[in-house]
Amino acid sequence: MTVRTRFAPSPTGYLHIGGVRTALFNWLFARRHGGQFILRIDDTDAERNIEGALQPILDGLKWLGIDWDEGPGVGGPHAPYYQSQRAANHKAAAAALLASGHAYRDFARPEELDDERKAAQAAGKPFLYSRRFAAFDEETARRFEAEGRQSVVRLKMPREGSLVIDDQVRGRVEFAWEREQDHVIQRADGSCLYHLASVVDDHDLAITHVIRAEEHLSNTPRQAFIALSLGYPLPTYAHLPLVAEPGSRTKLSKRKLAQYLKNADFKQVMDHGQRIADRVGLTTEADTFNPVIVDFYREVGYLPWAIDNYLALLGWSYDDKTEFFSREELIQHFTLERINSSPASFDPKKLWAVQDHYMGALSVDDKLALMLPMLVKAKLVADPPSAEAVATVRKVIEASGDRLKVAGDILAYADFFLMDDPPLDEAAVKQRLAKPGAGDLLRAYAKAIETAEPFEPAALEAALKQVVEGAGVKVGDLVHAVRVAVTGKTVGPGLYDCLAILGREQSLARIARALPRCG
């Protein structure tokens, strides 16, 4: 049997971290078994679909390297891959269920159903529809139609016995049929609902393994009943643990950003991303710029494999010590048996650590390729960048070392090298330049480096130490003042590297510019 898995997002919003984890596990399982991973767009709910939401989903998956064998933009032998374009198949299945007696037309009005629910509640019993307005034959249907009633199609669920499935994550799961409602599968206008459409499409696309989030476990009885009633073989089910809120067992939600920002680690990631977004002019509305959405990480410059590697560890593990995997290693080791059924808490600090690991392993050339587009977005270099700008950025990356945690960090470390007249941070001026004696120290250092040879870090450091020894002050008194004078800020690569990259002329010019602000 050829393994075929699928990821079936709805275009109702941006790609959620939990959805990415589901897509990743499906992709890994298919790749592990030499099978196919199919992307299907479940767009039957027209009222909830958001125009423009599909492309970010496709782009996000491509960025993460989660490629599909069949689906939008790829095609395949089971096209179409948009659920809305398969409506004829869904309607045919509904008709087949009616014909076999596994479904019926129901003419109940909403208020009549509501009365039954209230009566069950008053009696302390679970609501189970009486089928009072069910039409199991044409004569009954015509009588209800004569009353001006409209019908929907409901499943005629069993009232005795149970469904047992062997879930690949949760083991043996049993569902009592008596607890299942007669779910609606077709609306009065003839359109079919998700549960019927999903089962039919999974069958038509020859899906062998339905690997999905835990929240869909409760859908399994009605979907299995539909499949069995249509004569379909049941797929193998695997219900993944929730991707939960930080330190919680509650599902991570993109709508609860304000609550999550009370978590210090979450807030730190968000604030860091916000600073980058401000520099490149990103939209930072909560619906789009949110650490629960994968686009956030792409926009601020995380590495896609760092995201994949971290998400793979949310509910799955190879052993009790291995955290980092290459793409090939993760495919080789991934099995459903190693998935834990307990909720997996999303930890922004841990994701940051994984990102740091992979960024630190990149070569300067790789970092340069990642970071130049950020500088182009921020209009700090031209598009395409000049050879001179590329050379400067390369030097900044080399000098910054492991300070650059994401691609967007280059904006704070390279901007003052690429600007003719970088602004001076007023808080830094007050803290470092306005101090009594700062001006005299800067003048002395400027004089010392006028003749420093070569104009390189070692000589520039020696010159600074000579000045502070002569003035009888601490090294920090001058180091911090020089940094603010030449860069305009208090953070960046090492001071002597900054001076060497700027060169003698620029360094002296910037110190001179800062002198009027000194105490």
Side-chain angles (χ1 to χ4, degrees), residues 59 62-63 272-283 295 297-304 355 358-425 428 446 449-450 452-461 482-514:
D59 292 344
K62 289 176 184 177
W63 175 68
H272 182 250
Q274 182 75 54
R275 290 192 292 271
I276 294 170
D278 290 344
R279 294 299 304 270
V280 296
L282 289 178
T283 299
D295 269 44
Y297 300 98
R298 180 164 58 123
E299 295 288 4
V300 303
Y302 278 65
L303 296 169
Q355 164 67 19
Y358 283 110
M359 183 64 81
L362 292 183
S363 67
V364 172
D365 284 342
D366 288 338
K367 289 180 180 178
L368 186 65
L370 284 169
M371 295 174 183
L372 277 173
M374 285 287 186
L375 295 167
V376 170
K377 279 185 181 180
K379 295 182 170 52
L380 288 168
V381 300
D383 186 11
S386 67
E388 181 183 2
V390 172
T392 297
V393 176
R394 176 184 291 278
K395 292 176 183 177
V396 174
I397 291 172
E398 291 173 337
S400 299
D402 62 3
R403 296 181 184 91
L404 300 173
K405 306 297 186 183
V406 301
D409 285 345
I410 194 63
L411 300 171
Y413 282 78
D415 57 351
F416 48 84
F417 295 105
L418 302 167
M419 300 167 70
D420 293 332
D421 190 20
L424 297 175
D425 179 81
I449 65 174
E450 282 179 356
E453 290 293 347
F455 200 80
E456 293 178 354
L460 296 169
E461 182 177 10
V482 175
R483 176 180 290 282
V484 174
V486 299
T487 72
K489 57 181 71 177
T490 58
V491 297
L495 172 62
Y496 309 112
D497 289 313
C498 289
L499 294 168
I501 294 170
L502 285 168
R504 194 190 313 271
E505 183 179 345
Q506 272 273 46
S507 297
L508 290 172
R510 293 190 181 191
I511 291 174
R513 181 195 66 164

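Model, not experiment: these values are computed from the prediction.
Across every non-hydrogen atom of Y297 and W63, the tightest pair is C-CH2, 3.9 Å. G273 approaches V300 most closely through the heavy-atom pair CA-CG1, 3.7 Å. Closest approach of A500 to E456, counting heavy atoms only: CB-CA, 4.3 Å. In terms of heavy-atom proximity, A485 sits nearest to L424 at O-CD2, 4.2 Å. Listed here is the closest heavy atom pair of P493 and F417: CG-CE1, 4.3 Å.
By the 4.0 Å N-to-carboxylate-O rule, R298 lies close enough to D295 to be salt-bridged with it.
With a 4.5 Å cut-off on side-chain heavy atoms, L495 and T487 do not count as touching. A 4.5 Å side-chain heavy-atom check between V484 and K489 finds every atom pair outside the cut-off.
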Tabulate below the donor-acceptor pairs under 3.5 Å that side-chain atoms of residues 373-392 make, not counting sequence neighbours, or state none.
residue	atom	partner	partner atom	Å
K377	NZ	E299	OE1	3.4
S386	OG	A389	N	3.1
T392	OG1	E388	O	3.1

Side chains of residues 503-511: which donor-acceptor pairs under 3.5 Å do they make with residues two or more places apart or in other chains?
residue	atom	partner	partner atom	Å
R504	NH1	I449	O	2.7
R504	NH1	E450	O	3.1
R504	NH1	A452	O	3.0
R504	NH2	A452	O	3.1
R504	NH2	E453	OE2	2.8
S507	OG	L499	O	3.4
S507	OG	G503	O	2.8
R510	NH1	F416	O	2.7
R510	NH1	V486	O	2.8
R510	NH2	F416	O	2.7
R510	NH2	M419	O	2.8

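With sequence neighbours left out, the side-chain hydrogen bond (donor to acceptor under 3.5 Å, both in side chains) criterion links D365 to R394. Legend: residues meeting side-chain hydrogen bond (donor to acceptor under 3.5 Å, both in side chains) with R513, ordered by chain and number and at least two apart, are D421. With sequence neighbours left out, the side-chain hydrogen bond (donor to acceptor under 3.5 Å, both in side chains) criterion links R279 to D415. Applying the side-chain contact (heavy atoms from CB on, under 4.5 Å) rule to Q355 yields the partners Y302, L303, A306, M359, V406; only residues at least two apart in sequence or on another chain are considered.
The structure places CG of L368 at 13.0 Å from NZ of K395, a figure rounded to the nearest 0.5 Å. In this structure, the separation between CG on L370 and CG on D409 is 12.0 Å, given to the nearest 0.5 Å. Rounding to the nearest 0.5 Å places OG of S400 at 8.5 Å from CG of D497.
One N or O on the side chain of S363 and one on the backbone of D366 form a donor-acceptor pair closer than 3.5 Å.
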